[in-house]
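On a predicted model such as this, the values are computed, not experimentally measured, just so you know. Below, all heavy atoms of this structure are taken into account, side chains as well, without hydrogens, waters or symmetry copies. Lettering follows sequence order; numbering is per chain, from 1.
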Number of protein chains: 2
Amino acid sequence: MIEKLLKSKKLRLTPFRKEVLEVFINEPNAIALGDIEARLKQFDRITLYRTIKSFIENGLIHEIVMPGDIKKLALCPDECSSVNHVHTTQHIHFRCKMCENIFCLDLHEFPEINIPRFKIDSIEIQGTGTCNICS
Amino acid sequence: MIEKLLKSKKLRLTPFRKEVLEVFINEPNAIALGDIEARLKQFDRITLYRTIKSFIENGLIHEIVMPGDIKKLALCPDECSSVNHVHTTQHIHFRCKMCENIFCLDLHEFPEINIPRFKIDSIEIQGTGTCNICS
DNA sequence: ATCACTTATGCAACAATGTTGCATTTTTAT
DNA sequence: ATAAAAATGCAACATTGTTGCATAAGTGAT
């Protein structure tokens, strides 16, 4: 399953990549770089940076940033044919202020937004509040 | 006007703060830290960091972050009673892929978003595309 | 299985970005 | 004018991310 995922993005199958991807697969929500590092036994910092960059560029994972130096990463859904920060699926990112988890949530109806004279290619929606568990 | 703005947030009136705030007032769109530095004659890096942090904490400016290490700052609209990253006005942030400007745009109707069992306090919407000038 | 080609890894060194502590100066309210 | 509180400037440090390069490993064709 992990191998199929890597191959589907035409990424070479290396032990380290499998290990990192497994961390994402075992994690339901978005995770920070530090969380990944904590789940790896031993690793090279630079290689991890490059691995993550390549995962992002190939649409395997996506980056979620929020004000206050919050930066997390999450697996892209299957349908996501993301290339370089522009991912095509329509989900929102929700940050719970209690547990500080970030959730990728699918919306049944994604809102229409129109701005006169502006051509919108993609919309990213981020919510803040309390999650289903904490509330 | 600058002095009134600082006083309204109960911030002490110092020459440096006035200078930094003036940069924001003279700029229609969001600006990066480097843009601010370029517009100041001479300054202390640390003081600038602290000034910006205090402006954000007091709801004078707000931070806009987007995937790909994009971090910009913009004046909060008057009605914004922001405290610590949660600002109350409903505008969206639009990044033009041509000119790389980031615009704060008011929406006439801000979309309603409901997620079952999640309590949403604030919503932040970011659009990417081509701005009115570049398109 | 072997080979040649391409890509990934690990290390060192570097670069950019942000923070803390502290002495001094400035602002503000009295 | 003065005292209290806060801002500034400097040094040193911490964190985060990048580049170059030699070596190792994965991939596809033979």
Checklist entry - Using a cut-off of 4.0 Å between protein heavy atoms and nucleotide atoms, how would you tag nucleotides 18-30 of chain D 5' to 3' with B, S and -? => result BBB----BBS---

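The nearest whole Å value for the distance from the CD1 atom in A:I52 to the C1' atom in C:dA8 is 15 Å. For B:I36 and C:dT17, the CD1 to C1' distance is 14 Å, given to the nearest whole Å. Here the C1' atom of nucleotide C:dA29 and the NZ atom of B:K10 are 15 Å apart, to the nearest Å. Rounding to whole angstrom units, CZ of residue B:R17 and C1' of C:dT28 are separated by 12 Å. Rounded to a whole Å, the CG atom of B:D44 is 18 Å from the P atom of C:dC22. B:F43 has its CZ atom 14 Å from the C1' atom of C:dG18, to the nearest Å. What separates CD of A:E57 from P of C:dT7 is a distance of 14 Å, to the nearest Å. Put simply, NZ on B:K18 is 14 Å from P on C:dT26, counting in whole angstrom units.
Ring to ring, B:F118 and A:F94 are close: their centroids are under 6.0 angstrom apart.
Between B:K71 and C:dG18 there is a side-chain polar atom (N or O) within less than 4.0 angstrom of OP1 or OP2. Between B:T47 and D:dG9 there is a side-chain polar atom (N or O) within less than 4.0 angstrom of OP1 or OP2.
A salt bridge does not link B:E19 to B:R39: none of the charged nitrogens lies less than 4.0 Å from a carboxylate oxygen. In this structure, A:K71 does not pair ionically with A:D69, as no charged nitrogen and carboxylate oxygen lie closer than 4.0 Å.
Atom CD1 in A:I92 sits 13.0 Å away from atom CD1 in A:I123 (nearest 0.5 Å).
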Checklist entry - A:I56 and A:H62: side chain to side chain contact (heavy atoms under 4.5 Å, CB included), yes or no, with the steps? => result CA-CA 6 Å; A:I56 291 174; A:H62 62 282; over 6 Å; no

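Judged purely by atom type and a 3.5 angstrom limit, B:R117 has no side-chain atom pairing as donor or acceptor with the backbone of A:C131.
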